[in-house]
Amino acid sequence: MAEERSLNFLEEIIEQHLKEGRYSQIITRFPPEPNGYLHIGHATSIYINFSLTQKYPGYTNLRFDDTNPETEETEYVESIKEDVRWLGFEWKYERYASDYFETLFEYALKLIDKGLAYVDDSTSEEIAAMKGTPTQPGVNSPYRDRSIEENRDLFLRMRNGEFPDGSKTLRAKIDMAHPNMIMRDPVLYRIKHVPHHRTGNKWCIYPLYDMAHGQCDSIERVTHSICTMEFVPHRELYDWLIEKLEIYPSKQYEFARRNLSYTVTSKRKLLQLVNEKHVSGWDDPRMPTISGMRRRGYTPESIRDFCARIGVGKRENLADMSLLEFCVREHLNKIALRRMVVTDPLKVVITNYDKEEEMVLSENNPEDPSSGMREVPFSSELYIEREDFMENPPKKFFRLAPGKMVRLKSAYIICCDEVIKDSRGNIIELRCHYIPESKSGSDTSGIHVKGTLHWVSCKHAVPVMIRWYDRLFVVENPAEEDDFIKYLNPESLKVIYPAYAEPSLKNATLNDKFQFLRKGYFVLDKESESDKLIFNLTVELKDKWDMIQKKQSDKH
RNA sequence: UGACCCAUGGUGUAACGGUAGCACUACAGAUUUUGGUUCUGUCUGUCUAGGUUCGAAUCCUAGUGGGUCAACCA
């Protein structure tokens with residue numbers, strides 16, 4: 001049975017175009033400026049552009065919008081490519097706006113020849129002053145009526161480097177009283193004697209966004225140029241330039257940028273987090289960057305699933321971090337290897353266990369029988385989680401308590417007989433006895449217990465470091481606060497060392513995804529060394545007991 | 001005091017003039033050798049006012065609310 005999934009507004013437009021025969025294939029592009037690292041907001045844009053051409057005939061280009069040499073670097077180009085690939089998308093052509101500088105220059109000449117562009121000697125302040133305001137029309141520049149010949153001569157000399165930065169610009173001649181301020185003789189070219197990361201010192205004039213983006217789309221025969229809502233006012237200029245230049249009519253469509261709760265995505269704010277060392281870097285596992293999420297242990301599949309689930313629309317939005325976390329858990333549940341790690345150890349001595357040790361078998365992933373089993377060493381001295389024992393347990397506490405029984409996962413049922421305390425009254429050890437016939441897989445004891453605990457054999461335990469991450473901010477929408485830094489979560493990182501891991505974890509690699517039983521999903525961090533493994537918390541497991549506890553304490 | 005864009009549960013998105021649906025969240029229950037997973041159920045919504053129509057979330061008008069635009073950034 002074919003499931004009818006409703007189309008988003010972009011898919012509707014495209015299906016209509018395909019049906020009408022307006023296009024036989026569609027071409028989209030992902031057009032980052034190489035001036036920073038990609039984040040979850042870019043991921044949605046990448047997903048939209050690429051998934052459209054996976055669904056419909058056509059392809060997607062990766063185009064670097066590198067028209068401002070002051071901010072752009074090759075380093076960013078490389079990281080952007082790595083991130084797009086990691087997300088699982090393949091572009092057809094890798095292109096750069098700078099590939100088209102010569103063509104763009106000719107386009108500018110064509111505008112001049114048609115009397116549609118002029119060289120302006122005004123300063124940026126003067127241009128701003130003459131622009132008017134949203135409610136008042138602007139006034140014409142005194143240079144607006146230069147002859148075509150003079151404009152041509154001046155523009156050529158701009159390119160030849162005869163004028164200093166800021167002394168002249170090329171402007172479109174449209175209408176200084178236009179209700180759309182973008183259309184009030186927008187600047188098309190500016191002088192910048194700045195080397196470009198790809199063209200070096202070849203150029204000293206560079207096109208602005210409006211003189212480059214739509215033209216590049218057109219050159220690449222992009223059919224659907226998809227961008228965010230803040231470019232809506234630019235569409236009129238986009239169309240105007242294409243029409244006057246008489247080039248291939250690419251069309252622009254806008255969607256509302258997707259925002260994520262409990263984080264920020266503006267480059268300025270992200271940079272501030274890095275510079276002020278609130279995080280360790282651009283790939284800090286708490287960052288919403290692609291590299292941060294990768295290091296956190298998020299999978300490309302889960303990020304793509306998230307993008308698909310939040311969909312695309314035209315209204316302001318703030319998507320729930322819980323949905324992203326849901327997508328991550330859902331994928332990891334299927335693929336993560338189950339392991340046992342005790343983060344806050346309490347020693348348990350099994351008084352009637354007379355063997356030296358034995359290996360018990362435990363599933364690598366109960367969701368995936370093909371993942372097989374592993375051996376876990378069991379012995380008379382074990383660590384369990386301190387919070388899994390209570391001397392005076394409340395109702396609904398299914399874990400260990402004096403005289404109570406629990407199962408040790410994949411091993412035996414034990415019963416707590418005695419609580420050992422130090423001189424200050426702290427619990428330091430539990431004495432228990434085990435039920436020999438209760439061994440997992442061959443249980444003939446007939447005993448049913450409500451709780452199952454994870455555990456690690458003391459003498460086999462591997463001490464590891466755990467970086468327990470939480471949300472970076474304590475408010476849903478930090479971006480709208482006056483000082484977003486004030487709302488950083490002071491507990492966004494807790495370091496736990498040592499935590500005791502079962503021995504198989506010694507062989508962990510950077511690509512492995514783990515579920516530490518009853519704790520959460522974890523991934524090995526790149527800063528690990530062979531004798532000091534570091535695991536990052538990707539996301540916690542859901543914890544109903546946690547909720548019950550909270551509710552009980554709320555009542556009192 | 002201009003132009004443009006937008007308005008559906010707590011969140012995100014459907015319904016294309018004809019039963020307001022799905023997912024997440026929250027809550028309740030069943031199952032469970034992970035208080036995980038899985039399964040079942042429950043709560044909550046069309047910004048307001050007019051109009052067109054047999055019938056409006058949908059079309060029209062006005063209002064309200066939110067956003068964008070006055071970079072030689074993209």
Side-chain angles (χ1 to χ4, degrees), chain A residues 5-8 12 31-33 35 65-68 70-71 120 122-124 127-129 131-138 165-171 178-182 184 186-192 205-206 208-210 212-213 227-236 254 256 258 261 267 306 309-327 329-330 333-334 338 340 362-363 366-367 396-399 406-411 413 438 440-441 443 448-454 476 515-520 540-548:
Chain A
R5 245 199 71 231
S6 52
L7 305 176
N8 66 46
E12 279 185 8
E33 183 187 11
N35 69 347
D65 230 333
D66 57 350
T67 57
N68 185 358
E70 284 177 359
T71 58
D120 195 328
S122 308
T123 65
S124 64
I127 289 176
K131 200 126 197 169
T133 70
T135 53
Q136 289 170 301
D165 288 6
S167 60
K168 285 180 169 49
T169 57
L170 182 73
R171 291 230 261 166
H178 200 108
N180 180 354
M181 298 213 42
I182 298 289
R184 319 241 261 229
V187 175
L188 267 17
Y189 264 90
R190 78 289 220 185
I191 302 171
K192 271 183 202 280
I205 57 170
Y206 294 95
L208 275 99
Y209 170 84
D210 291 300
H213 201 102
C227 62
T228 46
M229 294 290 283
E230 58 265 36
F231 291 99
V232 169
H234 291 259
R235 189 175 60 227
E236 197 170 3
E254 310 87 8
R258 326 311 293 166
S261 64
K267 206 181 64 197
F306 171 72
R309 282 171 186 265
I310 58 175
V312 52
K314 290 172 93 81
R315 57 174 166 154
E316 288 267 304
N317 61 82
L318 186 64
D320 249 319
M321 178 68 93
S322 323
L323 179 60
L324 212 205
E325 292 172 341
F326 167 83
C327 295
R329 283 194 193 100
E330 180 158 83
N333 179 48
K334 293 193 187 107
R338 311 295 129 121
M340 294 196 285
S362 193
E363 38 318 59
E367 306 292 315
K396 292 197 201 169
F397 186 79
F398 305 147
R399 284 113 99 142
V406 292
R407 173 170 293 284
L408 296 177
K409 173 69 182 174
S410 298
I413 290 172
S438 68
S440 285
D443 184 351
H448 291 283
V449 294
K450 199 91 175 176
T452 300
L453 309 185
H454 62 282
E476 270 206 314
Q515 183 197 100
F516 294 174
L517 244 52
R518 305 206 298 135
K519 288 288 173 187
E540 287 180 63
L541 253 28
K542 280 192 181 169
D543 190 351
K544 247 182 207 162
W545 172 239
D546 196 45
M547 295 304 299
I548 292 168

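Both backbone and side-chain heavy atoms feed into the values below; hydrogens, waters and symmetry mates do not. Below, chains carry the letters A, B, ... as their sequence lines are ordered, and counting in each starts from 1.
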So what does A:Phe397 touch, heavy atoms closer than 4.0 Å: a base, only the sugar-phosphate, or nothing? base
By the Watson-Crick or G-U definition, both distances under 3.5 Å, B:A15 is matched with none
May I ask you to say what A:Gln515 touches in the nucleic acid, namely base, sugar-phosphate or nothing, with a heavy-atom cut-off under 4.0 Å? base
For this session: Verify the contact: side-chain N or O of A:Thr71 to OP1 or OP2 of B:C73, cut-off strictly under 4.0 Å; return yes or no.
Result: no
Quiz item: Does the ring centre of A:Tyr209 sit less than 6.0 Å away from the ring centre of A:Phe231?
Solution: yes
Closest of B:C72, B:A71, B:A14 to the A:Arg190 side chain is B:C72
Query raised in the report: With a 4.0 Å cut-off on heavy atoms, is A:Glu316 in touch with a base, just the backbone sugar-phosphate, or nothing at all?
Result: sugar-phosphate
Check: When only distance counts, do a donor and an acceptor, one from the side chain of A:Ser440 and one from the base of B:U33, lie under 3.5 Å apart?
Finding: yes
For A:Asn68, answer base if it contacts any base atom (sugar-phosphate contacts may also be present), sugar-phosphate if it contacts only those atoms, and nothing otherwise; contact means non-hydrogen atoms under 4.0 Å. sugar-phosphate
task: Tell me whether the OP1 or OP2 atom of B:U13 has a side-chain N or O from A:Arg258 closer than 4.0 Å.
output: yes
Of the candidates B:G12, B:U38, B:A74, the side chain of A:Leu318 sits closest to B:G12
Note: for A:Ser124 and A:Leu323 on RNA chain B, the residue whose nearest nucleotide lies more 5' is A:Leu323
| task | Under 4.0 Å between any heavy atoms, over every strand shown, what does A:Leu541 touch: base, sugar-phosphate, or nothing? Just pick one. | result | base
- Message: At 4.0 Å (heavy atoms only), tell me whether A:Lys192 reaches a base, stays on the sugar-phosphate, or touches nothing.
- Response: sugar-phosphate
Side-chain contact check for A:Lys396: nearest option of B:U68, B:G35, B:G2 is B:G35
#### Entry: Inter-nucleotide P distance (B:U46, B:A56), Å rounded
16 Å
For B:C59, the nucleotide meeting Watson-Crick or G-U wobble distances (both under 3.5 Å) is B:G51
Would you measure the distance from the P atom in B:G12 across to the matching atom in B:A49 and give it in whole Å?
23 Å
Paired to B:U46 by Watson-Crick or G-U wobble criteria (both distances under 3.5 Å) is none
Rounded to whole Å, the NZ-C1' distance (A:Lys334 to B:G36) equals 14 Å
How far, in whole Å, is B:A28 from B:A62 if one measures between their C1' atoms?
46 Å
Exercise for review: Would you classify A:Phe326 as touching base, sugar-phosphate or nothing, given that sugar-phosphate means primed atoms plus P, OP1 and OP2, and contacts are heavy atoms under 4.0 Å?
Suggested key: sugar-phosphate
C1'-based separation of B:U44 from B:G10 [nearest Å] | 8 Å
When you look at A:Glu236 and A:Ile182, which way does the side-chain contact (heavy atoms from CB on, under 4.5 Å) test go after all the steps? CA-CA 8 Å; A:Glu236 197 170 3; A:Ile182 298 289; over 6 Å; no
message: I'd like to know if A:Arg399 reaches the base of B:G35 with its side chain such that a donor and an acceptor end up less than 3.5 angstrom apart.
response: yes
Side-chain atoms of A:Leu208 come closest, of B:A74, B:A14, B:U11, to B:A74
Return no unless some side-chain N or O of A:Lys267 is found under 4.0 Å from OP1 or OP2 of B:C73. no
**Message:** Roughly how many Å apart are B:U1 and B:G63, using the P atom of each and rounding to a whole number?
**Reply:** 14 Å
The Watson-Crick or G-U wobble partner of B:U32, with both key distances under 3.5 Å, is none
B:G17 to B:C27 separation - C1' atoms, rounded to the nearest Å:
37 Å
On a whole-Å scale, what distance lies between the P atoms belonging to B:A14 and B:C6? 13 Å
Per atom distances to the A:Pro179 side chain, the nearest of B:A3, B:A74, B:U25 is B:A3
Item to check | A:Tyr209 over B:A74, stacked by centroid distance under 5.5 Å, angle under 30° | outcome: no
_Quick check: any donor-acceptor pair below 3.5 Å linking the side-chain of A:Arg518 to the base of B:U34?_
no
pair_partner(B:A71), Watson-Crick or wobble, both distances < 3.5 Å, evaluates to none
Looking at every strand, decide which applies to A:Pro31 at a 4.0 Å heavy-atom threshold: base, sugar-phosphate, or nothing. nothing
In whole angstroms, the gap separating P of B:U68 from NE2 of A:His234 amounts to 13 Å
d(A:Asn35 CG, A:Lys267 NZ) to nearest 0.5 Å is 3.5 Å
### Query
Looking across every strand, which nucleic acid part, if any, lies under 4.0 Å from A:Leu517 by heavy atom: base, sugar-phosphate, or nothing?
base
**Study point:** Test: A:Lys450 cationic atom under 6.0 Å from A:Phe398 six-membered ring centre, within 45° of axis
**Key:** yes
- Item | Pair A:Thr71-A:Glu33, side-chain contact (heavy atoms from CB on, under 4.5 Å): steps then yes or no | CA-CA 9 Å; A:Thr71 58; A:Glu33 183 187 11; 3.2 Å; yes
Decide yes or no on side-chain contact (heavy atoms from CB on, under 4.5 Å) for A:Glu363 and A:Ser410, but give the supporting numbers first. CA-CA 8 Å; A:Glu363 38 318 59; A:Ser410 298; 4.0 Å; yes
Which of B:U33, B:C24, B:G12 is nearest the side chain of A:Arg407? It is B:U33
Span that lies between the C1' atom of B:G65 and that of B:C73, in whole angstrom: 30 Å
Residue pair A:Tyr189/A:Ser410 against RNA chain B: nearer the 5' end by closest nucleotide is A:Ser410
Taking it one step at a time, do A:Arg309 and A:Glu330 satisfy salt bridge (charged side-chain N to carboxylate O under 4.0 Å, His left out)?
CA-CA 13 Å; A:Arg309 282 171 186 265; A:Glu330 180 158 83; 3.1 Å; yes
Fill in: Heavy-atom side-chain contact between A:Met321 and A:Glu476 under 4.5 Å
no
A:Arg329 atom CZ is separated from B:U34 atom C1', nearest whole Å, by 14 Å
Quick note, A:Thr169 side chain, CB onward, closest among B:C69, B:A14, B:C72 is B:C72
Side-chain contact check for A:Trp545: nearest option of B:C69, B:G35, B:G12 is B:G35
Side chains of A:Ser167 and A:Ile191, heavy atoms from C-beta outward: is any pair under 4.5 Å? yes
Notebook entry, point to check: Does A:Asp543 reach the main-chain N or O of A:Asp546 with its side chain, forming a donor-acceptor pair under 3.5 Å?
Noted result: yes
Tell me if the side-chain of A:Arg338 makes a donor-acceptor pair with the base of B:U34, cut-off 3.5 Å, by modelled atom types. yes
Inset, instruction - Name the nucleic acid region contacted by A:Thr123, choosing base, sugar-phosphate or nothing; use a 4.0 angstrom heavy-atom cut-off, strictly under. - result: base
Re B:C24: Watson-Crick or G-U wobble partner, both distances kept under 3.5 Å, found to be B:G10
Which part of the nucleic acid does A:Phe231 contact within heavy-atom distance under 4.0 Å: base, sugar-phosphate only, or nothing? base
Closest to the side chain of A:Glu367, out of B:C5, B:U37, B:G12, is B:U37
Q) Base, sugar-phosphate alone, or nothing: which one does A:His213 contact when heavy atoms must sit under 4.0 Å apart? A) nothing
Closest to the side chain of A:Arg309, out of B:G35, B:C24, B:G36, is B:C24
- Message: Taking any heavy-atom pair under 4.0 Å as a contact, classify A:Ser122: base, sugar-phosphate, or nothing.
- Response: base
